[in-house]
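Below you'll find the structure, written out as structure tokens, and then a few comments.
Each residue takes its place number in the sequence, starting with 1.
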Amino acid sequence: MRTLAATLGFFLVLAGSASAQPLPSGPSGYAPKPAAIGKRFMVAAANPLAVDAGHAVLARGGSAVDAAIAVQMVLNVVEPEASGIGGGAFILHWSAAERRVRAYDGRETAPAAATPELFLGADGKPVAFYDGVVGGRAVGVPGLLAVLELAHRRHGRIAWRELFEPAIALAEQGFPVSPRLAVLLADERFRIDDPQARRLFHRDDGTPRRAREVIRNGALAATLRAVADGGAPAFYRGEIAADVVAAVRTHPTNPGRLALADLAGYRPVERRPVCGRYRAHRVCGMPPPSSGGVAVLQILGILAQFPMERVAPQSLMAAHLFSEAGRLAYADRDRYVADADFVAVPVAGMIATEYLAARAEAVRYTRSLGEAAPGVPAGAATPARAAAPELASTSHVSIVDARGDAVAMTTTIEHAFGSRVMVRGFLLNNQLTDFSFTPRAEGRAVANRVEPGKRPRSSMAPTLVFDRGGRLTHVVGSPGGPLIINYVAQALVAMLDWGMDAQQAVGLGHFGSRNGPTELERGTEAAALADGLRLLGHEVRVMDMTSGLHAIERVPGGWRGAADPRREGNARGD
């Protein structure tokens, strides 16, 4: 490990005193929240109504998976713009009795009729991004219900049907529009033309619903009741599936290629989680097609070469080192990571200690390295490098049940309001825009190009952390598109290096780089670092960074739950 005293010199002063707390307000909507303490169990999610549903399941003796299903179904009702049965999810599950982590992949798949040229226009060039997002072209086969049913079959303790009851009741009886949903409806960049969605989200005069107005979604209640009674097959076959396919293929301006056989043939996948050491801890995340687990471990592995525990949390040097590690990780991500069922991803080489130590040699205390080039980890081929512009919607759920089992689930329909196509009360995803629009670059095929049946790369990073003795210590994850990786890695550094509790960690002002500008969160102390970073050669962008971190940590006698102060969720335990 490098020593600050030998190499850093006067920058020790810059790394010194700085408060760990963000400013009390700002465009990101920061509002301080208390942590929750529970002796037996804990749930943290993006809406209090969903948290209440999960808490009730846990209080009945339900498993972490049972609670996750109840939470997700309520989120589909009250936070429909972020996740739901028209989308997908990644689930990390910890079994305390088996001492085993499982990774469940419910990512959407490209239709069988999709081709690498899906997002190329008639001129052979990529279409404008939002021309791909809105409509049927970007809709992948939804994976959420299939992966939840698989997890429930293995880990559930309460009947599947009963877990849908809170969501069905809210959809039928009505729920108040949350402040966040109201803001997103008012700011919606593209008019929601789908007739069902407009009736749900707008008044008779065409104006969007306002906060605290009551919405009833009888169509979604009927859909959820059908799935509660018939299981996931009720969604993937029969009338619901037929309506999904019809909505996609007959979209008036941007039809897609989804077919009934695509839905009937969808299968969730259990994959081997990607795990690595960070100082005294074992950190586990999702493997490809998510880049989240690999990239978080790469950032941590690079930072392990530096004494981060001696660097103040909101200091210039903290932002500099963290951003440089992010550049290196995102460079590798863009080059190598895609669906491992289609592309050989050198996961072991990418997270190897020796490789990351070598990558860290590029980091200088006194100057930014600028744009990082990808490395060459063991087992690497040479696919072309190309980014995909994921967008910052999504939701995350963290749960620990009374048996000590845990779920970290990140769930999404991709963009806010997905494809803007609604079927039977739920929105369909636009997940295929997470593929690279460009199938070839640098004279080679792009790893994350569209292919039939392929799962698009994701940045979702549900994460579990364990101590030296193998005890679960932390459950964490966030929405935020490609920023998720930096959000989660920063929260882990805050808790594992800087000794912050979970609530302090999720409220910390954000900084980081995706191998472009160094991004600082507007309205927090991080933004005040801009001039100092520019002196170190960083290109700086100050921006809103609306994470939705939900974390749980082990504390003496139980668990502490934390919800991101930038959003409207909370944590609740018992």
Residues [X], [Y]: salt bridge by 4.0 Å N-O rule:
{"X": "D564", "Y": "R566", "result": "yes"}
{"X": "K39", "Y": "D574", "result": "no"}
{"X": "R457", "Y": "D339", "result": "no"}

Looking just at side-chain N and O atoms, do [X] and [Y] make a donor-acceptor pair shorter than 3.5 Å?
{"X": "S291", "Y": "R333", "result": "yes"}
{"X": "T473", "Y": "E553", "result": "no"}
{"X": "E414", "Y": "N430", "result": "yes"}

Please identify each residue that fulfils ring pair (Phe, Tyr, Trp, His ring centres under 6.0 Å) with [X], with sequence neighbours left out.
{"X": "H538", "answer": "H320"}
{"X": "F466", "answer": "W94"}
{"X": "F41", "answer": "H55"}

With [X] via side chain to side chain donor-acceptor pair (under 3.5 Å) - residues at least two apart:
{"X": "S323", "result": "none"}
{"X": "S478", "result": "none"}
{"X": "E354", "result": "none"}

Non-neighbouring partners of [X] that pass side-chain contact (heavy atoms from CB on, under 4.5 Å), sequence neighbours left out:
{"X": "R534", "result": "A530, D531, V540"}
{"X": "P288", "result": "V294, V337, A340, V345, V347"}
{"X": "R471", "result": "D467, R554"}
{"X": "A45", "result": "V51, V71, V397"}

So which pairs with a foot in residues 402-412 pass side chain to side chain donor-acceptor pair (under 3.5 Å), sequence neighbours left out? Q72-T411, T394-T412, H396-T410

ring-ring contact (aromatic ring centres under 6.0 Å, His included) pairs touching residues 467-500, sequence neighbours excluded, are Y487-H510

